[in-house]
Engineer: 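One structure is given below, represented as structure tokens, and several questions about it will come after.
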Amino acid sequence: QVQLVESGGGSVQVGGSLRLACVVSGYSDYGYCMSWFRQAPGKNREGVAAIDNDGETKYAASVKGRFTISADDATNTLYLQMDSLKAEDAATYYCAIDIDDDYCPSSWTLGTPFNHWGQGTQVTVSS
């Protein structure tokens with residue numbers, strides 16, 4: 001059974017940094033697309049960043065240049081380094097994995113390709 005567990009959320013001031021981690025268990029095959037999504041209260045879920053097993057990355061325009069997604073296949077861990085945080089980055093962040101593809105399809109931002117999701121980790125950004 002595939003499970004994803006996020007960590008690293010917390011409270012930070014505007015301009016600060018956080019690094020989120022997501023440990024994946026129950027899946028060790030080569031092909032995947034993994035991603036980070038976020039959802040703030042009263043807002044739609046938003047695809048933040050995605051990475052495939054070849055290391056190709058995709059980012060939402062709102063975070064490009066500030067966030068970095070990476071994956072450590074040796075430890076089955078997905079990371080999201082978030083720098084220059086803004087108040088609008090505050091949300092619950094979720095990691096997700098698509099084990100049916102070995103690339104991230106263009107529809108990744110919709111969330112539909114992803115088979116498994118974590119429970120989320122809260123990020124608060126204060127001014």
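As a basis for the values below, the full set of heavy atoms in this structure was taken, side chains included, without hydrogen atoms, waters or symmetry mates.
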Engineer: If I compare all heavy atoms of N76 with all of D73, which pair ends up nearest, and what's the gap?
Structural biologist: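 That would be OD1-O, 3.2 Å.
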Engineer: Quick check: closest heavy atoms across A40 and A90, and the distance to 0.1 Å?
Structural biologist: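 Minimum heavy-atom contact is CB-O, 3.6 Å.
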Engineer: Any chain of hydrophobic side-chain contacts (each under 4.5 Å) joining L18 to V14?
Structural biologist: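 Cluster IDs for L18 and V14 match.
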Engineer: Treating Ile, Leu, Val, Met, Phe, Trp and Tyr as nodes and any side-chain heavy-atom pair under 4.5 angstrom as an edge, say whether W36 and M82 lie in one connected cluster.
Structural biologist: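 Shared cluster, yes.
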Engineer: Compute whether any side-chain donor of one residue and acceptor of the other, for Q122 and T92, lie under 3.5 angstrom apart.
Structural biologist: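 Checked: Q122/T92 side chains pair up, N/O donor to acceptor below 3.5 Å.
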Engineer: Would you name the heavy atoms of F114 and D98 that are closest together and state the gap between them?
Structural biologist: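 Scanning both residues, the minimum pair turns out to be CD2-N, 3.4 Å.
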Engineer: Can you list everything that forms a salt bridge (Lys or Arg N to Asp or Glu O under 4.0 Å) with R45? Sequence neighbours excluded, please.
Structural biologist: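 Expected list: none.
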Engineer: Taking all heavy atoms of Y59 and all of I69, pick out the closest pair and write down the distance.
Structural biologist: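 In terms of heavy atoms, the two residues are closest at OH-N, 2.9 Å.
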Engineer: Got a sec, which residues hit salt bridge (Lys or Arg N to Asp or Glu O under 4.0 Å) with D89, two or more places apart in sequence or on another chain?
Structural biologist: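 For D89, the residues satisfying salt bridge (Lys or Arg N to Asp or Glu O under 4.0 Å) (neighbours in sequence not counted) are R38, R66.
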Engineer: With sequence neighbours left out, which residue pairs that include part of residues 65-101 fulfil the ring pair (Phe, Tyr, Trp, His ring centres under 6.0 Å) condition?
Structural biologist: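 Counting only pairs at least two positions apart or across chains, no ring pair (Phe, Tyr, Trp, His ring centres under 6.0 Å) contact touches residues 65-101.
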Engineer: Are any of the side-chain heavy atoms of L20 and V123 separated by less than 4.5 Å?
Structural biologist: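 Side-chain contact under 4.5 Å: yes.
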Engineer: Can I get a per-line list of side-chain donor-acceptor pairs under 3.5 Å for residues 3-10, giving both atom names and the distance, sequence neighbours left out?
Structural biologist:
from: E6; atom 1: OE1; to: Q119; atom 2: N; distance (Å): 3.0
from: E6; atom 1: OE1; to: G120; atom 2: N; distance (Å): 2.8
from: E6; atom 1: OE2; to: C95; atom 2: N; distance (Å): 3.0
from: E6; atom 1: OE2; to: G120; atom 2: N; distance (Å): 3.1

Engineer: Checking side chain to side chain contact (heavy atoms under 4.5 Å, CB included) for the pair T68/L80: CA distance, chi angles, key distance, verdict?
Structural biologist: CA-CA 6 Å; T68 304; L80 184 69; over 6 Å; no
Engineer: Among residues two or more places apart or on two chains, list those pairs meeting side-chain hydrogen bond (donor to acceptor under 3.5 Å, both in side chains) that have a residue in residues 10-25.
Structural biologist: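 Every side-chain hydrogen bond (donor to acceptor under 3.5 Å, both in side chains) pair that includes a residue of residues 10-25, provided the two are not neighbours, is S17-D83.
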Engineer: Looking at every non-hydrogen atom in both residues, tell me the closest pair between D102 and D52 and how far apart they are.
Structural biologist: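 Heavy-atom minimum between the residues: O-CB, 4.0 Å.
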Engineer: Does any pair with a residue in residues 103-118 pass side-chain hydrogen bond (donor to acceptor under 3.5 Å, both in side chains), and if so which ones, sequence neighbours excluded?
Structural biologist: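 Sorted pair list: D100-N115.
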Engineer: Determine, step by step, whether S62 and E46 satisfy the side chain to side chain donor-acceptor pair (under 3.5 Å) criterion, reporting the C-alpha distance in whole Å, the side-chain angles of both residues, the deciding distance to 0.1 Å, and the verdict.
Structural biologist: CA-CA 10 Å; S62 59; E46 176 187 19; 3.0 Å; yes
Engineer: Hydrophobic clustering (ILVMFWY, side-chain heavy atoms < 4.5 Å, transitive) - are L78 and V63 grouped together?
Structural biologist: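 Shared cluster, yes.
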Engineer: Return the CD1 to OG distance between I97 and S35, rounded to the nearest 0.5 Å.
Structural biologist: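 Going from the CD1 atom of I97 to the OG atom of S35 covers 9.0 Å.
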Engineer: Provide the closest heavy-atom pair for I51 versus A71 in the form atom of the first, atom of the second, distance.
Structural biologist: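 Shortest heavy-atom contact: CD1-N, 4.0 Å.
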